[in-house]
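Got a structure for you, questions after.
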Amino acid sequence: MTPQSAILQPVPDHARHLFFGLKPAADPRAALQVLAAACDGASAVLGIGANVADTLGVKLADLRGFPDLPDARPAIPTTQHALWLWLRGDEPGDLLLQGHALEALAAPAFTRVQAIDSFRHRDSRDLTGYEDGTENPRDEAAVEAAIAHGRGAGIDGSSFAAVQQWLHDFPTFDSMPRAEQDNCFGRERDSNEELDDAPESAHVKRTAQEDFEPEAFVVRRSMPWVEGADAGLVFLAFGKSFDAFEAQLRRMTGHDDGISDALFSFTRPLSGGYYWCPPLGAAGIDLRVLGL
Ligand code: HEM
């Protein structure tokens, strides 16, 4: 069981997210096989949406679309696509060109519908200045949280990715006193220390991974994005299923106790999708459970 290795690596300097829709009446088999051979799981991670498995007539127990959360406050958008490619590297020009090559391979069955460039800011900080990823599980704990095991050949070694593009409202954030900004996250920005007296709405209280039943650990690989005057975070979390992310998102949106995450005072998601990242085999990505 070999996962796509990037899942367990720190975030790179640059990344590019590509999202694809399935062309009407297209048979995705040949394009998937070519993409699976072309993605090494290190510089290019392949994620597959539930509708692709549906099209192939395959039911994978844990693969589903991004949820509708009717009682979420605020509302959470769903923009589920058929495929997601996460390209990682040192330089955005190279990622663009690598993306073009992969888009050409996908083209017989898939159309690219969105592209987002992202980058590492300082020592993995969000553009608000807060360090992101501190409480990520590491080493064996990361494997335990993010990689499926004991579920059969072809699923073992795979991972389940939740991807959301968030848009920050910088004028609102910048107008907050520092104490209020710290309270939004529940951490002091410069020291990165957790606040003893953080409000219940603080982001790290909403998402404290050991406070869920069962515990909800994920491996986050989020990175900032900028496009023109707009900017924010591409949130990316890997789990052994989508359940831990979904439990966190529900608590952030008030599902458990009516309290919404204070992050929503200055940022909101524009998109959201779920993608299954198959394991690596001897000759590229292993799609045996899709019958390929
Ligand atoms: C713009 C959106 C977001 C920003 C800027 C953000 C930023 C942060 C920061 C700065 C931390 C504290 C340091 C750390 O442990 O990484 C954190 C923690 C965390 N965030 Fe987020 N986050 C965002 C969205 C989300 C979403 C959508 C989820 C899941 C649904 C999430 C899950 C978590 C988890 C699990 C932790 C660690 C909690 C713990 O166990 O202490 N975050 N986030």
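As the structure lists them, so they are numbered: ligands from 1, and atoms in each ligand from 1.
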For this session: Hey, could you give me the NE2/CG distance between H168 and D174, rounded to the nearest 0.5 Å?
Result: 11.0 Å
Seminar exercise, completed: When distances are taken from atom 18 (C) of ligand 1, the protein heavy atom at minimum range is R220 NH1, 3.2 Å
Exercise. Under 4.0 Å from ligand 1, counting heavy atoms only, is it the side chain of D126, its backbone, both or neither?
Worked result: side chain
Exercise. Counting only heavy atoms, which portion of Q164 has something under 4.0 Å from ligand 1: side chain, backbone, both, or neither?
Worked result: side chain
Exercise. Which residue holds the protein heavy atom closest to atom 41 (O) of ligand 1, what is that atom called, and what is the gap in Å?
Worked result: E135 CG, 3.3 Å
Exercise. Can you find a non-hydrogen atom of A237 under 4.0 Å from ligand 1?
Worked result: no
Exercise. Parallel, tilted or perpendicular for F266 and F185, by the 30°/60° rule?
Worked result: tilted
For this session: Over 60° means perpendicular and under 30° means parallel, so classify the ring planes of W84 and W86, tilted if in between.
Result: parallel
Exercise. Of all the non-hydrogen atoms in the protein, which one sits nearest to atom 20 (N) of ligand 1, and at what distance?
Worked result: H203 NE2, 2.9 Å
Seminar exercise, completed: Checking heavy-atom distances from atom 3 (C) of ligand 1 to each of L263, V219, V218, the winner is L263
Problem set entry | From the candidates F264, F212, F185, W166, the one that places a heavy atom nearest atom 7 (C) of ligand 1 | F185
For this session: May I ask you to list the atoms of ligand 1 that are less than 4.0 angstrom from any heavy atom of H168?
Result: 1 (C)
Seminar exercise, completed: Output for pair (D71 CG, H255 NE2), nearest 0.5 Å, gives 5.0 Å
Exercise. Among L287, L105, I285, D27, whose side-chain contact (heavy atoms from CB on, under 4.5 Å) with L32 holds?
Worked result: L287
Exercise. Are there more than 12 heavy atoms of other residues, nucleotides or ligands under 6.0 Å from atom CD of Q9?
Worked result: yes
For this session: For ligand 1, indicate whether the residue L233 contacts it via side chain, backbone, both or neither (heavy-atom separation under 4.0 Å).
Result: side chain
Problem set entry | Nearest neighbour of atom 14 (C) of ligand 1 from the list N136, T134, V234, L236, on a heavy-atom basis | T134
For this session: First locate atom OG1 of T207, then atom CG of L249, and finally report the distance between them rounded to the nearest 0.5 Å.
Result: 11.0 Å
Exercise. Can you name the one residue among D257, T253, D256, D211 that meets side-chain hydrogen bond (donor to acceptor under 3.5 Å, both in side chains) with R206?
Worked result: D257
Problem set entry | Evaluation steps, side chain to side chain donor-acceptor pair (under 3.5 Å), between D156 and H149 | CA-CA 4 Å; D156 289 351; H149 49 89; over 6 Å; no
Seminar exercise, completed: Closest to atom 10 (C) of ligand 1 among protein heavy atoms sits E131 O, 3.2 Å
Exercise. Can you tell me which residue and heavy atom of the protein come closest to atom 26 (C) of ligand 1, and the distance to 0.1 Å?
Worked result: F235 CE1, 3.3 Å
For this session: Starting from atom 16 (O) of ligand 1, locate the nearest protein heavy atom and write down its residue, its atom name and how far away it is, to 0.1 Å.
Result: G133 N, 2.5 Å
Exercise. What protein heavy atom sits nearest atom 32 (C) of ligand 1, and how far off is it?
Worked result: Q248 OE1, 3.6 Å
Seminar exercise, completed: Candidates Q209, R268, R250; heavy atom nearest atom 39 (C) of ligand 1 found on Q209
Problem set entry | Nearest protein heavy atom with distance in Å, relative to atom 9 (C) of ligand 1 | D132 OD1, 3.8 Å
For this session: Would you mind telling me if ligand 1 is within reach of the side chain of F245, the backbone, both or neither, using heavy atoms under 4.0 Å?
Result: both
Problem set entry | Sub-4.0 Å atoms of ligand 1 with respect to non-hydrogen atoms of A208 | 39 (C), 40 (O)
Problem set entry | Co-membership, hydrophobic cluster, residues F19 and F66, 4.5 Å side-chain | no
